[in-house]
Peer 1: 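Just dropping this structure here.
The chains referred to below are lettered A, B, ... by the order of the sequence lines, with proteins before strands, and numbering in each begins at 1.
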Amino acid sequence: MSSLPDLSDAVTAAQNLLGWKLVHETEDGRTAGYIVEAEAYSQEEPSSHTYRGKTKRNQVMFEHAGLVYVYFTYGMHYCVNIVTGEEGHGQAVLLRALEPVDGIELMMRRRQKTDVRKLTNGPANLVQAMGITMSNYSDDVLDSQGLYLEPGIKPEKIIKTTRIGIRVGVDLPWRFYIADNQFVSKLAKNRNL
DNA sequence: CTATTGATTGAT
DNA sequence: TCAATCAATAGG
């Protein structure tokens with residue numbers, strides 16, 4: 001695996017990021033996990049937050065690849081994305097699930113769960129376990145500090161399928177996850193292509 | 001201005 | 001199947 005992920009466009013990056021290790025160092029300690037499930041979003045298609053142009057919420061998605069897009073949704077949840085593509089093109093990869101590697105005790109404390117499989121199995125769950133907040137908005141994951149990426153494992157088999165939780169653009173096969181990985185979010189295992 | 005919806009989760 | 005709960009957006 002090369003030392004930098006391919007973030008040239010969202011769909012490529014969603015596959016390429018699988019197996020990379022996401023690390024977050026905070027005052028409470030270090031947490032890290034392998035990315036096992038990810039989805040691509042881009043301004044050309046209606047399910048993307050950038051479909052209707054730049055707003056205060058999504059503006060970082062139009063900046064350069066490697067920056068972090070955190071958003072608040074459903075009145076109670078945060079989700080995290082890695083920006084991809086050229087500057088000015090609103091696209092990113094939503095991280096949907098991790099396989100916990102480091103700081104599992106800390107993740108359990110943050111999540112109030114002891115079942116390792118329920119720590120990071122979903123976009124809002126992994127944000128909570130990793131201690132990611134809006135203060136991580138526009139962090140650079142290619143800088144080795146704070147929230148960043150490290151080379152991890154090479155996925156044996158990647159499953160390509162349709163995205164979760166959206167009402168438009170449901171036909172696009174823009175979701176990718178590592179086959180037979182027990183940390184992939186439950187919904188993701190239901191539909192296959 | 002008000003009303004509705006959503007890249008979710010966890011409980012029923 | 002539904003509630004929790006708020007930012008963005010559509011509509012008047």
Side-chain angles (χ1 to χ4, degrees), chain A residues 7 9-18 22 33 35-63 65 67-85 89-100 107-139 141 147 159-178 182-191 193:
Chain A
L7 302 179
D9 84 286
V11 177
T12 303
Q15 303 166 72
N16 190 256
L17 283 169
L18 296 181
L22 184 70
I35 298 170
V36 299
E37 182 185 353
E39 291 179 352
Y41 287 90
S42 187
Q43 62 182 20
E44 298 77 32
E45 50 92 20
S47 71
S48 175
H49 287 174
T50 50
Y51 184 60
R52 293 175 183 80
K54 194 183 288 190
T55 66
K56 188 174 183 183
R57 180 206 208 192
N58 68 23
Q59 45 124 336
V60 74
M61 283 182 70
F62 293 87
E63 294 186 39
L67 299 190
V68 172
Y69 170 45
V70 185
Y71 67 88
F72 181 63
T73 192
Y74 290 102
M76 52 197 331
H77 296 298
Y78 293 90
C79 298
V80 65
N81 296 244
I82 294 175
V83 176
T84 61
H89 192 162
Q91 54 171 237
V93 171
L94 170 69
L95 304 184
R96 289 197 57 93
L98 303 179
E99 175 176 332
M107 290 187 187
M108 287 178 174
R109 231 177 307 143
R110 286 171 172 157
R111 295 270 300 123
Q112 297 287 299
K113 304 270 180 193
T114 52
D115 184 343
V116 179
R117 285 178 302 183
K118 292 182 178 173
L119 256 26
T120 54
N121 62 331
N125 289 339
L126 73 89
V127 160
Q128 190 181 11
M130 295 287 291
I132 295 168
T133 68
M134 286 304 291
S135 69
N136 294 109
Y137 191 93
S138 80
D139 278 4
V141 295
L147 184 62
I159 305 292
K160 170 168 83 171
T161 180
T162 52
R163 293 172 296 178
I164 297 289
I166 53 177
R167 301 211 177 174
V168 287
V170 291
D171 295 334
L172 291 173
W174 282 11
R175 174 156 51 99
F176 303 90
Y177 62 91
I178 297 179
Q182 60 180 329
F183 300 97
V184 169
S185 66
K186 233 178 191 174
L187 274 171
K189 288 186 174 173
N190 295 342
R191 292 179 290 173
L193 288 185

Peer 1: Keeping A/Gln128 on the side-chain end and A/Ala124 on the backbone end, is there a donor-acceptor pair under 3.5 Å?
Peer 2: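 Checking the backbone N and O of A/Ala124 against the side chain of A/Gln128, no donor-acceptor pair under 3.5 Å is found.
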Peer 1: List DNA chain C stems (3 or more consecutive Watson-Crick/G-U pairs, under 3.5 Å)?
Peer 2: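 Only these stems qualify: B:1-6 with C:6-11, B:8-11 with C:1-4.
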Peer 1: Which residues, if any, of residues 116-125 of chain A bring a heavy atom under 4.0 Å of DNA chain C?
Peer 2: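 Within residues 116-125 of chain A, no residue comes under 4.0 Å of DNA chain C.
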Peer 1: Which atom pairs, one a donor and one an acceptor, fall under 3.5 Å between side chains of residues 73-80 of chain A and the rest of the protein, sequence neighbours left out?
Peer 2:
none

Peer 1: Phosphate oxygens OP1/OP2 of B/dT5: is one of them under 4.0 Å from a side-chain N or O of A/Arg167?
Peer 2: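 Looking at the OP1 and OP2 atoms of B/dT5, neither is under 4.0 Å from any side-chain N or O of A/Arg167.
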Peer 1: According to side-chain contact (heavy atoms from CB on, under 4.5 Å), who are the partners of A/Asp139, at least two apart in sequence or on a separate chain?
Peer 2: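 side-chain contact (heavy atoms from CB on, under 4.5 Å) check on A/Asp139 returns A/Val68, A/Asn136, A/Leu147.
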Peer 1: Rounded to whole Å, how long is the line connecting atom CZ of A/Arg163 with atom C1' of B/dT8?
Peer 2: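 Result: 16 Å.
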Peer 1: A/Ser48 and A/Gln43: side chain to side chain donor-acceptor pair (under 3.5 Å), yes or no, with the steps?
Peer 2: CA-CA 6 Å; A/Ser48 175; A/Gln43 62 182 20; over 6 Å; no
Peer 1: Out of B/dT9, B/dG10, B/dA7, which has the shortest distance to the side chain of A/His77?
Peer 2: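 From the listed options, B/dT9 comes nearest.
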Peer 1: Identify the 5'-most and 3'-most nucleotides of DNA chain C with at least one atom closer than 4.0 Å to a non-hydrogen atom of chain A.
Peer 2: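 Reading along DNA chain C, I get C/dA4 to C/dA10.
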Peer 1: What's the gap between B/dT5 and C/dG12 when it is taken at their P atoms, as a whole Å value?
Peer 2: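 Roughly 14 Å separates the two P atoms.
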Peer 1: Which ones in residues 40-56 of chain A lie close to DNA chain C, meaning a heavy atom under 4.0 Å from one of its atoms?
Peer 2: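 The stretch gives A/Arg52, A/Thr55 as the residues lying under 4.0 Å from the strand, ordered by number.
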Peer 1: Tell me what A/Leu94 touches on the nucleic acid: a base, only sugar-phosphate, or nothing, going by heavy atoms under 4.0 Å.
Peer 2: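 Base contact.
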Peer 1: In whole Å, what is the span from the CE atom of A/Met76 to the C1' atom of B/dG6?
Peer 2: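 A/Met76 atom CE is separated from B/dG6 atom C1' by 13 Å.
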Peer 1: Working to the nearest 0.5 angstrom, can you tell me the gap between A/Ile82 CD1 and A/Leu17 CG?
Peer 2: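 Between A/Ile82 CD1 and A/Leu17 CG, I get 5.0 Å after rounding to 0.5 Å.
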